[in-house]
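To start, the structure under review is shown below, and the notes come after it.
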Amino acid sequence: MSSTKVTQLKPQDEVPYEILREIFLLTLPKRDCDRIHPSYSPTIVSQVCSRWREIAFSEPRLWDTVMFSTSRNFKFKIGGNQRDRFIQSGNIQRWFHRTGGSHTLVLGEEASDKAETCLISQLFPIIVEFSARLRTLKIALTSASHLDYLRELSQVPQFGELVKVGIHASVRASMTSNDVKTLRTIDAFKGTKTPKLNEAHFMLDMASPGKFAMPWNQLRVVRLKGCPTRQVSPLDWMQLLVNCPNLETAELIKPFDPDESWASWPERIPQISLSDAPKYVRDELPLVSLTIHDADSYLHNHQVTGSPECMFIHRANFACLKHLTIRLRPWPMQAEQPERWLVQALSGLKKLESLTLYTGAQFRSNSPYPYRFRAIVQNWAAAAPPPGGFGALRTFTLQYAHNHAMDLVQLLQGPLSTTHCPSLSMTIAGEDGEMDTWRALLGDPAFSGVVGRLKVTPRSKFNFQ
């Protein structure tokens, strides 16, 4: 009797190709910079067995992104020697060739705020080789000589698929004052060669974004981040708004208002109105979403009060703005805080639907943050509703301290009452350890008139960055 050899299949061998492929995609790390780490997908799944390797190598979306990072925030970042070996051994080309001949690609470097070295000299020939297929390109420069690489990119005939570009230039230390004054416009990404480009991120320590030629009319999303040696100024912001007539989403990181005219002396501040600050852009702008992180001002350094965020809102006519997110920084506790300026700026946003005010820090007993947030609520509650009210406002998310909770009642029964904001729902981001205290407060009879429009959620549930 002849014997029959039975091959026992492993469980993973029975999973259909299409399902395994989708599972592999789900295992990709959230941050692009982690993909090249050998302990993460796609490398790790391609080493399990020959079948998995075959499936992984045939899926372009597993290999279409190579992003390096020098930031300390990336837990699994690879070291400098590993990065060099990865590039010099041809791994980037191997990854990209696995995607076929037409799949679009992501390439570049996430540089830290204080980056001292970068990879542009090694990445430049790869950028040129795959220029026609790049979807996202992030470039870091750490010396004035590196600007020549961008100038050479102007010779590349097409970045036909490029949708998003990021330029991080920390080069001021290697430039003289005359170098900065005579810096010529760099034409690496002119509109005729980047027909799909609609998003640009800038962090520049030597010039305004206008020094980099872009198809400004095409841009829909822009991110400006300040450097320690050069913050984002209101002038940068206004120039951007003028250059980008179709801008829909903007993010300002660490903007700084250097205007000294507000520091006439503290005793004048209570009499000054925000309307005294001129609008630089009076035409209605199409901007729909605006995020401001950690705005600062000349006033802060002189213990004079002010709301720097409002200067970046008030100086243009944001007739279409629907979504506003502000990460606040504290002011000196000993200074007066006319947060009425911020309230005045908000009152001019007639179409605002969602508002988020928060900080990246916890509310501790000795922290100045709770007092600034309370000042905003108190000034808002005391202000007369503007003509037309805040009728479009639907969601208001606010990081707040429980010991100032009664001020919320006055706000929700005053300018943000159902009469003025019929569709408003307010969410408080409270400290995680204070949820029981908040629940007890909301059960108090004083909150009975607003409890249906007010809820409290642990701060950890929000993606506050």
Side-chain angles (χ1 to χ4, degrees), residues 29-37 40 65-88 91-92 105-128 130 134-153 159 162-175 179-180 183 186 188-189 197 199-209 211-212 214 221-232 236 251-255 291 293-294 360 465:
K30 292 181 180 180
R31 297 182 290 201
D32 289 344
C33 295
D34 290 332
R35 285 201 191 190
I36 60 175
H37 196 282
Y40 267 9
T65 298
V66 176
M67 190 65 61
F68 299 92
S69 173
T70 58
S71 172
R72 295 178 181 178
N73 294 327
F74 286 91
K75 181 179 179 181
F76 297 105
K77 72 183 182 73
I78 61 177
N81 291 335
Q82 291 173 293
R83 288 196 303 269
D84 293 343
R85 286 197 299 271
F86 189 92
I87 298 171
Q88 293 166 8
N91 273 328
I92 297 179
L105 309 169
V106 175
L107 176 63
E109 181 178 8
E110 296 272 13
S112 65
D113 292 356
K114 298 180 180 179
E116 297 180 354
T117 60
C118 66
L119 300 172
I120 184 62
S121 61
Q122 299 182 70
L123 294 180
F124 178 79
I126 303 171
I127 293 172
V128 174
F130 293 96
L134 290 175
R135 177 176 77 251
T136 297
L137 175 61
K138 295 185 179 182
I139 296 175
L141 313 170
T142 55
S143 171
S145 62
H146 294 157
L147 294 171
D148 291 336
Y149 287 107
L150 282 185
R151 294 188 178 97
E152 290 185 44
L153 285 181
F159 285 95
L162 192 63
V163 174
K164 176 180 177 181
V165 66
I167 301 176
H168 179 130
S170 299
V171 303
R172 181 64 182 86
S174 61
M175 302 176 72
D179 291 336
V180 175
L183 183 65
I186 299 172
F189 304 106
L197 185 61
E199 181 172 353
H201 295 194
F202 299 96
M203 182 174 174
L204 313 173
D205 72 348
M206 79 304 183
S208 68
K211 285 295 183 181
F212 296 85
M214 293 277 166
V221 181
V222 171
R223 184 178 192 258
L224 302 183
K225 185 175 182 180
C227 301
T229 55
R230 190 185 189 280
Q231 295 100 338
V232 177
D236 292 338
E251 188 174 1
L252 304 179
I253 311 297
K254 298 180 179 179
T291 298
H293 280 191
D294 300 337
Q465 297 179 352

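Checked against salt bridge (Lys or Arg N to Asp or Glu O under 4.0 Å), Lys254 has no partners two or more places apart in sequence or in another chain. Scanning for side chain to side chain contact (heavy atoms under 4.5 Å, CB included) contacts around Lys164 gives Thr136, Lys138, Glu199, His201, with sequence neighbours left out. Judged as a side chain to side chain donor-acceptor pair (under 3.5 Å), and not counting sequence neighbours, Lys211 has no contacts. For Ser143, the side chain to side chain donor-acceptor pair (under 3.5 Å) partners two or more places apart in sequence, or in a different chain, are Ser145. In terms of the ring-ring contact (aromatic ring centres under 6.0 Å, His included) criterion, Phe202 has no residue partners (sequence neighbours excluded). Partners of Phe212 according to the ring-ring contact (aromatic ring centres under 6.0 Å, His included) rule, which considers only residues two or more places apart in sequence or in another chain, do not exist here. For Arg230, the salt bridge (Lys or Arg N to Asp or Glu O under 4.0 Å) test picks out Asp236, with sequence neighbours left out. Every residue two or more places apart in sequence or in another chain that forms a side chain to side chain donor-acceptor pair (under 3.5 Å) with Asp294 is listed here: Arg327. Shown here are the side chain to side chain contact (heavy atoms under 4.5 Å, CB included) partners of Asn91, two or more places apart in sequence or in another chain: Phe86, Ser89, Arg94. Residues that satisfy the side chain to side chain donor-acceptor pair (under 3.5 Å) test with Glu152, not counting sequence neighbours, are absent from this structure. The salt bridge (Lys or Arg N to Asp or Glu O under 4.0 Å) test applied to Asp148 returns Arg151, not counting sequence neighbours. Remark: Pro29 engages Asp34, Arg35, Tyr40 in a side chain to side chain contact (heavy atoms under 4.5 Å, CB included) (not counting sequence neighbours).
Contact annotation: the side chain of Ile186 never approaches that of Leu153 to less than 4.5 Å [non-hydrogen atoms, C-beta and beyond]. Put simply, the side chain of Leu141 reaches to within 4.5 Å of the side chain of Leu150, judged on heavy atoms. Looking at heavy atoms from C-beta onward, Arg135 lies out of side-chain contact with Leu105 at the 4.5 angstrom threshold. For the pair Phe68 and Cys33, the minimum side-chain heavy-atom distance is 4.5 Å or more. Counting only heavy atoms from C-beta outward, the side chains of Phe159 and Ile127 approach each other to under 4.5 Å. The closest side-chain heavy-atom distance from Leu119 to Arg83 is below 4.5 Å. You'll find the side chain of Val66 stays beyond 4.5 Å of the side chain of Val106, heavy atoms only. Side-chain contact between Val222 and Glu251 is absent, with no heavy atoms from C-beta onward closer than 4.5 Å.
Counting all heavy atoms, side chain and backbone alike, Ala144 lies closest to Ser174 at N-OG, 2.8 Å. Listed here is the closest heavy atom pair of Met214 and Ala200: SD-CB, 4.5 Å. In terms of heavy atoms, Ala207 sits closest to Leu183 at CB-CD2, 3.9 Å. Across all their heavy atoms, Met203 and Cys227 have their closest contact at CG-SG, 3.5 Å. Across every non-hydrogen atom of Pro209 and Leu224, the tightest pair is CG-CD2, 3.6 Å.
Rounding to the nearest 0.5 Å gives a distance of 3.5 Å between CD1 of Ile92 and CD1 of Ile126. Rounding to the nearest 0.5 angstrom, the gap separating the CE atom in Met175 from the CG atom in Leu147 is 6.0 Å. For the atom pair OG (Ser170) and CE (Met206), the distance works out to 9.5 Å, reported to the nearest 0.5 Å. Rounded to the nearest 0.5 Å, atoms OG1 (Thr142) and CD1 (Ile120) are 10.0 Å apart.
In this structure, the side chain of Asp205 engages the main chain of Arg172 through a donor-acceptor pair within 3.5 Å. A donor-acceptor pair is defined here as one N or O able to donate and one able to accept, closer than 3.5 Å; no such pair exists between the side chain of Glu109 and the backbone of Ile139.
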Check your understanding: How far apart are the C-alpha atoms of Tyr149 and Leu123, what are their side-chain angles, what is the distance that settles it, and do they pass the side-chain contact (heavy atoms from CB on, under 4.5 Å) test?
Key -> CA-CA 10 Å; Tyr149 287 107; Leu123 294 180; over 6 Å; no
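Of the N and O atoms on the side chains of Thr291 and His293, not one donor lies less than 3.5 Å from an acceptor on the other residue.
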